[in-house]
Amino acid sequence: MNKYTIAIVILIFIAKINGQTTTTIIPDPDSRVITTATPFLLIAPDARSAGQGDIGVATSADANSQQWNPAKYAFSEAKSGIAVNYTPFLSQLVDDVFLGNITYFNRINNRSAFAASFRFFGLGDIEIRQDATSDALIESPNQLTIDASYTLRLANQFSLAVGLRYLRSDLRIQAVDANSSASGTVAVDIAGYYQTETIAYKNFDGRWRGGFAIQNIGPGISFDDTDTDSFIPTTLRLGGGFDFILDPVNKIAVTAEVTKLLVPTPPVTGREFEFDDANGNGVFDEEDEDLIGFPNNPVNTGIIIDGRSQDVNFLSGIFQSFGDAPGGLSEELTEFTWALGAEYTYRDAFALRAGYFNEDEDKGARKFFALGAGFKYTAINIDLSYLFSASQVQSPLENTLRFSLTFNFGAKTYEEY
């Protein structure tokens, strides 16, 4: 007998003792998916990472490291660079929803670097008409971030970075609510990266990589006039990888990554009903005619049956997220996503990539394979990626071709290997 059945039996027993009016709690359907404000921050913005299954915290340094792990910039061979990325969103349905990103980095010296980026998620144009003959009002809801980071190399093989981010969400429609306005907040990133020197093995050379990042540490965003804020996607990323350097022109890099949202898990809730129990059996049936809140007008909603309240600040939410799943440790483990990626490069001029991303069925069911390719001509890199969904839940990025363009200045200024 599970705990929900025991609770209902106890309530029925009390109702029989105390009279004809009884109260019972009926669990609502479970919702195990963790939702956040500004979820576009979880979309891989660049084609190189997307082509390896949305990984990037422990891959080798590139111009787009700002979005995954800015600590990697301390290991960049290029002095500086600019990256421009474009990702169509819901491309099977519309043609004006997209994610765009531009990043600039500069390796100041052997030990430090800084970077800045701008990310924009446009939800297209929405036409609003009062009637069939009135002119259309055009609204363009969007969300964006502006961020900067500083990286310091603490040892030959290890670096740390901190980042500051401003998030703005403008989803309210002013034509519907004249008092509507955009909401904003600030967040901090903390990241680290480890990379060994080249190690000589029997048949090849190799290099180990490792990285971590805690992203979007900050207060939530309010989307209405209440005091309730929605959590932003504070995220923990951990990853590791190895480079198989087969010869001076051929290299294969493999990387694994796990990710967890540091946001409280929705608790199991129920609705409380009070009704006249005509026959005293403690259960609503045909004989119970005098209803108080049953079945369509519950006296109270959102009563927590199992789990913990999400009404906490963002710092408490980070710590709570490691132990608040109603299903205990087994459910906590399902909140980790994992991904595997591989990249083959030839003469640092051509690359082929593949990856797989997995999320539990009860936590969003994102599962997909990815393929990608990269081409380099002098200081210009062009990267492409394509996603194939492996889940019954269709991905909004399914069958989407993503593009990245990178300009590196002072290529091979720093010899790291």
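Nothing fancy with the numbering, it's 1 onward along the sequence. All values derive from a computational prediction rather than experimental measurement.
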Which atom pair, heavy atoms only, marks the closest approach of Y73 to A115?
CE1-CB, 3.4 Å
Which class fits the ring pair F242 and Y201: parallel under 30°, tilted 30 to 60°, perpendicular over 60°?
perpendicular
If you look only at pairs with a residue in residues 386-404, which of them pass as a salt bridge (charged side-chain N to carboxylate O under 4.0 Å, His left out), with sequence neighbours excluded?
none
With sequence neighbours left out, which residue pairs that include part of residues 307-327 fulfil the salt bridge (charged side-chain N to carboxylate O under 4.0 Å, His left out) condition?
none
Show the numbers, then the answer: is there a side chain to side chain contact (heavy atoms under 4.5 Å, CB included) between L41 and T235?
CA-CA 10 Å; L41 293 175; T235 307; over 6 Å; no
Sequence neighbours excluded, the answer for side-chain hydrogen bond (donor to acceptor under 3.5 Å, both in side chains) partners of T255 is R209
K251 vs E343, salt bridge (Lys or Arg N to Asp or Glu O under 4.0 Å): CA-CA, chis, key distance, verdict:
CA-CA 8 Å; K251 182 179 72 175; E343 178 182 53; 5.9 Å; no
Work out which heavy atom in F407 is nearest to a heavy atom in I380; give both atom names and the distance.
CD2-CG1, 3.8 Å
According to salt bridge (charged side-chain N to carboxylate O under 4.0 Å, His left out), does anything in residues 51-63 pair up with another residue at least two apart or in another chain? List the pairs.
R48-D62
Tell me whether K72 forms a cation-pi arrangement with F105, defined as NZ or CZ under 6.0 Å from the six-membered ring centre and within 45 degrees of its axis.
no
Show every salt bridge (charged side-chain N to carboxylate O under 4.0 Å, His left out) that has at least one partner inside residues 108-123, sequence neighbours left out.
none
Sequence neighbours excluded, the answer for salt bridge (charged side-chain N to carboxylate O under 4.0 Å, His left out) partners of E359 is R366
Taking the six-membered ring for Trp, are F368 and F388 ring centroids under 6.0 Å apart?
no
Mind telling me whether F350 and F375 have parallel, tilted or perpendicular rings, with 30° and 60° as the class edges?
tilted
Just checking F89 against F121, ring centres under 6.0 Å apart?
yes
So, T337 and K363: side-chain donor and acceptor under 3.5 Å apart, yes or no?
no
Closest heavy-atom pair, T151 versus P70, reported as atoms and distance to 0.1 Å, is OG1-O, 2.8 Å
